[in-house]
Amino acid sequence: MTATGTPVSAALASVLASGRAHFNARAAEARHRHPAFDTTGFAAFLRTGVDGIAVSVAGVAPERTAQAVLAAYDMALELVAQG
């Protein structure tokens, strides 16, 4: 589940859980660098954008799901930080 409690796919949830400390550190860094960082918008981006990527990659190349999620997560952080 994301911060809003809306469930995400098992593919995304698994990657986020396995790298929780890393993902939390990346989000904290973004909030520190961008005080107006929209955490609600970021959670929505994870649900509506990153989750679909995780599901798609897991369906064709499950061994690459974590890499794809990491890249998409970092892009989502950057895009949300830019507003």
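Note that these values count all heavy atoms, side chains included, but never hydrogens, waters or copies made by symmetry.
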Report yes or no: does Ser14 contribute a side-chain atom to a donor-acceptor pair with the main-chain N or O of Ala11 at less than 3.5 Å?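 Absent.
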Shortest non-hydrogen contact from Ala58 toward Thr65: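 Result for this residue pair: CA-OG1, 3.3 Å.
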Determine the minimum heavy-atom distance between Phe37 and Ala30, stating which atoms define it.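 That would be CE1-CB, 4.0 Å.
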Is the distance between the ring centroids of Phe42 and Tyr73 under 6.0 Å?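 Ring centroids of Tyr73 and Phe42 are less than 6.0 Å from each other.
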For Leu77 and Phe45, run side chain to side chain contact (heavy atoms under 4.5 Å, CB included): C-alpha distance rounded to whole Å, both residues' side-chain angles, the deciding distance at 0.1 Å, then the answer. CA-CA 9 Å; Leu77 283 173; Phe45 200 131; over 6 Å; no
CD1 of Ile53 to OG of Ser9: how many Å apart, nearest 0.5 Å?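 Atom-to-atom, Ile53:CD1 and Ser9:OG are 11.0 Å apart.
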Determine whether [X] and [Y] fall in the same hydrophobic cluster, where Ile, Leu, Val, Met, Phe, Trp and Tyr are linked whenever their side-chain heavy atoms lie under 4.5 Å apart.
| X | Y | result |
| --- | --- | --- |
| Leu70 | Leu46 | yes |
| Val8 | Val55 | no |
| Val57 | Leu12 | no |

Without placing hydrogens or testing angles, list every side-chain donor-acceptor pair under 3.5 Å for residues 20-29, not counting sequence neighbours.
from  : atom 1 : to    : atom 2 : distance (Å)
Asn24 : ND2    : Arg20 : O      : 3.4
Arg26 : NE     : Asp74 : OD1    : 3.0
Arg26 : NH1    : Glu29 : OE1    : 3.3
Arg26 : NH2    : Asp74 : OD1    : 3.1
Glu29 : OE2    : Arg33 : NH1    : 3.3

Scan residues 63-73 for pairs that pass salt bridge (Lys or Arg N to Asp or Glu O under 4.0 Å), counting only residues two or more places apart or in two chains.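 The answer is none; no pair qualifies.
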